[in-house]
*Asks:* 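Quick one: this structure, given as structure tokens, is what I'll be asking you about.
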Amino acid sequence: MTQIDDIKLSNAQIAWRAAQDIDDGAYVNLGIGFPEMVARYQREGCQAIYHTENGILDFGAPPAPGEEDWDLINAGKKAVTLNPGASFFHHADSFAMVRGGHLDVAILGAYEVAETGDLANWSTGRGGVPAVGGAMDLVHGAKRVAVITDHLTKKGDPKLVSKCSLPLTGVGCVTRVYTSLAVVDIEDGHFVLREKLPAISFDDLQALTGATLHTTDTVGDLIVPEL
Amino acid sequence: MTQIDDIKLSNAQIAWRAAQDIDDGAYVNLGIGFPEMVARYQREGCQAIYHTENGILDFGAPPAPGEEDWDLINAGKKAVTLNPGASFFHHADSFAMVRGGHLDVAILGAYEVAETGDLANWSTGRGGVPAVGGAMDLVHGAKRVAVITDHLTKKGDPKLVSKCSLPLTGVGCVTRVYTSLAVVDIEDGHFVLREKLPAISFDDLQALTGATLHTTDTVGDLIVPEL
Amino acid sequence: MDKTLHSLADAVSVIPDGATIMIGGFGGSGAPIELIHALIDCRPRNLTVINNNAGNGHIGIAAMIEQDMVAKMVCSFPRSKDPRAFTERYLAGKIELEIVPQGTLAERIRAGGAGIPAFYTPTSFGTELAEGKPVEKFEGRSYVQERWLKADFALVKAERGDTHGNLTYNKAGRNFGPLMCMAAKNTIVQVSELTQPGAIDPETVITPGIFVNGVIEVQNPAQEEVLNLAEAVYP
Amino acid sequence: MDKTLHSLADAVSVIPDGATIMIGGFGGSGAPIELIHALIDCRPRNLTVINNNAGNGHIGIAAMIEQDMVAKMVCSFPRSKDPRAFTERYLAGKIELEIVPQGTLAERIRAGGAGIPAFYTPTSFGTELAEGKPVEKFEGRSYVQERWLKADFALVKAERGDTHGNLTYNKAGRNFGPLMCMAAKNTIVQVSELTQPGAIDPETVITPGIFVNGVIEVQNPAQEEVLNLAEAVYP
């Protein structure tokens, strides 16, 4: 696996790749943590509009340290700023945007993604304090639900699986997974490989994936700049 | 019946009587037409706050002729003005106020009221174009649903009945009826006479009422000023 | 991103025969007269129109009905001062009517916009308008199950708008507008003043731009009530 | 009519043991710290608290929990930067938790305020959070039935208020405030500035006064995040 660690994309690079698929004017929700990084790599000339569950549309970059307004935060409770054209609304209106299918894309992290599109990303099932936040709403709301994740767990197990073993966040909801090794679509209950790192063979990638990787046409090269 | 026509209250007087039961600061919805008249007779020192279905709280008197703003109308599509402390909101919020039990009282007209509290006030059941508006929402929303009405139909039939014959607006919803002859409460499926015109005997009133009039304690005199 | 539409004709030309259209307004208050009249110029037919009322006089929705564009009205109160366009066709069996209590109409539209396929309301329980609908008891009281209402298009009148589709409304002209913006696949809004993003205070935005697909500036828009007092006819 | 309350102590002294209380705020944003701390001074016990989170540090809701006032939390995300007040008691079995997806929490509260006893949502379908709840298919897709959520009291922080209870909020501090105001029998609001009726533009009122029972002015209110950065402890 050390070989994989040498070639695999960094989180920043995964976020960069996910950002390339976001269109100008798209309404986007980025999950707390790693997915928030996607906003840094918006394509030139593409202005996405970011939604946060706690009632802001079109928030912008973090303020300078010391300039925080703690009534102007995102769902991760980090201070943000506003872009021109921003708006505030209450939580029911915010989730009307989510549940009502008004977001173009939600990008979330994952513990596991199944070939059926099932997602597990809220509970390790190991006890402790459960906490779900807005994840279960987002997976059934956005027009496109994408996941960004390392291809493997820290222990080296596949995160792309035939069936999730952890408590589900949603059923049949994920349509694309950006991993540290590949871009995989979910279609009709199958993983369909779209892009892979040139440095890894299909067979090696399949061996690191917990369900069959299907292909159609040519598999593209996953090429990402140094970041 | 000519005798009844001589003693019975005018619509203005019925409205006046209903207005006496409205407390200071009460949130009130008045049905379109005759019930709107109640607002004219608000008690001295009592400032009710009027709600209209189309999204205004605390609207005021009609503007002077020629001063109408046709985006500032009530549910009857009549031009109104605003009192200090007014607010605008959309229709779903407006009916959240209604259905959510936030109005203190709704005062409506009636074709028939049954001793069970059933109300028929939206359809004569005779064909034509049906139109319900907000009546069915109001009867299940306000904390207190009162009716103002002539005691008899134009043909001289009782409007207070044991069972409505016309299509219902709501089931078991009315708690007080102000008529041209009496004030009648509805309690546990019975009409309970609270006040009657001194000029009519209990027996005559009963004869003009389509279900048994119960009494508890003394029946008060229904005394209303000339208007 | 710029959602500006450059002509009324272009704005409504996308609406095909058979479309379901939500049209904002409560009576004449908030009625998008210019958008409706532009639609009449295109004359799509067999439309389902969702509005609180069913037109008044010979302009706006009444004029759509007179041009035989409307197959079905979904509304709470199809009676107005001069409802004859609707009344005549309804009594002749030439137009369908779905009558919905006003609060249920508003909530069904909101539900359509909010991804809520069904909800329970006490409204209409025990009446003929509840016939055929599931009834359930919660905490000892009976409620009627109502379904969401969605549309292919919404035509809405707002006051100020920006090029991202953020909107404010004028007084009680707000009524169904914010709900219909949420519930249609393609929401087209006429605004009295079109501004750049940032011109509207984020605290005062009533409809966030995410619910709006196109905005067109119509300065000094007509007020239905005023047109009717002048006995206007369209076209 | 004047809904002004004249002291924080009076405002919250009506809250008895065993009450269900909605408390506004998302993390520290919109948290009514002064009302919460006044409630801690009264120390009612066995409370059910509805809030998106479950307290942070040693102030606000976390301090209520540390004072053993809370029997049950209803929230979507009981993990914060420093959630130990809740975490320790939860793991020790000393406090109950009802975990609700955030959008469902918001919608259940709105439903409570809007007289909708139940609604269907796709959220949580097929997950352990849907266990025991009715499921129904609409248009080929499965949805979970959720119930309204109401409370005896709501404690909310707003920005401007008038003596009729009309409110505006500050930025994303709005979050659950407008919903909770609707869903409680007795809604008590702290405002940074209390004005006379008419001072707030009717177009910009976010919570109409009908949803508010009492307002108290708390100028320059504390911000939970700032208190926590200073490692504040209450009492």
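Proteins get letters first, then strands, A, B, ... in listed order; numbering begins at 1 in each.
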*Asks:* Between the side chains of Thr215(B) and Arg194(B), is a donor N or O closer than 3.5 angstrom to an acceptor N or O?
*Replies:*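 The criterion, which ignores hydrogens and geometry beyond distance, is not satisfied for Arg194(B) and Thr215(B).
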*Asks:* Has the side chain of Glu131(C) got a donor or acceptor atom that lies under 3.5 Å from a matching backbone atom of Thr127(C)?
*Replies:*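 Such a contact is absent between Glu131(C) side chain and Thr127(C) backbone.
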*Asks:* Could you check if a side-chain atom of Val70(C) sits within less than 4.5 angstrom of a side-chain atom of Ile95(C), using non-hydrogen atoms only?
*Replies:*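 Side chain of Val70(C) against side chain of Ile95(C), heavy atoms only: contact under 4.5 Å found.
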*Asks:* Run through Ile23(C), Leu105(C), Ile50(C) and flag the one making a side chain to side chain contact (heavy atoms under 4.5 Å, CB included) with Phe176(C).
*Replies:*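 Only one option passes, and that is Leu105(C).
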*Asks:* Counting only heavy atoms closer than 4.5 Å, note whether Thr104(C) contacts chain B via side chain, backbone, both or neither.
*Replies:*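 Both the backbone and the side chain of Thr104(C) come within 4.5 Å of chain B.
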*Asks:* Counting only heavy atoms closer than 4.5 Å, note whether Ile109(C) contacts chain B via side chain, backbone, both or neither.
*Replies:*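 No part of Ile109(C) comes within 4.5 Å of chain B.
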*Asks:* Would Asp23(B) and Arg43(B) pass as an ion pair if we require N to O under 4.0 Å?
*Replies:*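 Salt bridge between Asp23(B) and Arg43(B), a charged N being under 4.0 Å from a carboxylate O: yes.
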*Asks:* Where along residues 166-187 of chain B does a heavy atom come under 4.5 Å of chain C, listed by residue number?
*Replies:*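 Result: Pro167(B), Leu168(B), Thr169(B), Gly170(B), Val171(B).
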*Asks:* For Gly125(B), is there any backbone N or O sitting under 3.5 Å from a side-chain donor or acceptor partner on Ser123(B)?
*Replies:*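 It does hold such a pair.
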*Asks:* Measuring only between side-chain heavy atoms, which start at C-beta, is Met64(C) closer than 4.5 Å to Leu47(C)?
*Replies:*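 The answer is yes, as the side chains (C-beta and beyond) meet within the 4.5 Å cut-off.
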*Asks:* Looking at side-chain heavy atoms only, is the closest gap between Glu53(B) and Asn74(B) below 4.5 Å?
*Replies:*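 SC-SC contact between Glu53(B) and Asn74(B) ruled out.
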*Asks:* Mind checking whether Phe86(C) and Asn53(C) have side chains closer than 4.5 Å, heavy atoms only?
*Replies:*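 Not touching, per the 4.5 Å side-chain cut-off.
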*Asks:* Do Gln102(C) and Asp137(B) meet the criterion of a side-chain donor-acceptor pair at a distance under 3.5 Å?
*Replies:*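 No donor-acceptor contact under 3.5 Å links the two side chains.
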*Asks:* Got Val135(C) and Phe125(C) here, is their nearest side-chain heavy-atom distance under 4.5 Å?
*Replies:*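 Side-chain contact under 4.5 Å: yes.
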*Asks:* Answer yes or no: is there a side-chain heavy-atom contact under 4.5 Å between Val49(C) and Val74(C)?
*Replies:*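 Side chain of Val49(C) against side chain of Val74(C), heavy atoms only: no contact under 4.5 Å found.
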*Asks:* Check whether Tyr169(C) gets within reach of chain B through its side chain, its backbone, both or neither, counting any heavy atom under 4.5 Å.
*Replies:*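 Neither; nothing under 4.5 Å.
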*Asks:* Measuring heavy-atom distances to chain C, does Ile73(B) have an atom under 4.5 Å in its side chain, in its backbone, in both, or in neither?
*Replies:*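 It is both, since atoms from each part get that close.
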*Asks:* Could you please state which residues from residues 82-120 of chain B sit under 4.5 angstrom from chain C, measuring non-hydrogen atom to non-hydrogen atom, sorted by number, or 'none'?
*Replies:*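 Within residues 82-120 of chain B, near chain C: Phe88(B), Phe89(B), His90(B), His91(B), Ala92(B), Phe95(B), Arg99(B).
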*Asks:* What residue in Ala31(C), Ser80(C), Ala172(C) has the most heavy-atom pairs under 4.5 Å with chain B?
*Replies:*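 Heavy-atom pairs under 4.5 Å are most numerous for Ala172(C).
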*Asks:* Taking Gly55(B), Gly134(B), Pro130(B) one by one, which has the highest count of heavy-atom pairs under 4.5 Å against chain C?
*Replies:*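 Result: the option with the highest number of such pairs is Pro130(B).
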*Asks:* Below 4.5 Å from any heavy atom of chain B, which atoms of Tyr90(C) appear? Answer side chain, backbone, both or neither.
*Replies:*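 Contact with chain B: side chain only.
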*Asks:* Below 4.0 angstrom, N of the basic side chain to O of the carboxylate: do Asp21(B) and Arg17(B) qualify?
*Replies:*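 Salt bridge: yes.
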*Asks:* Among the options Gly173(C), Ser142(C), Pro122(C), pick out the one with the most heavy-atom pairs lying under 4.5 Å from chain B.
*Replies:*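 If we count pairs closer than 4.5 Å to chain B, Pro122(C) comes out on top.
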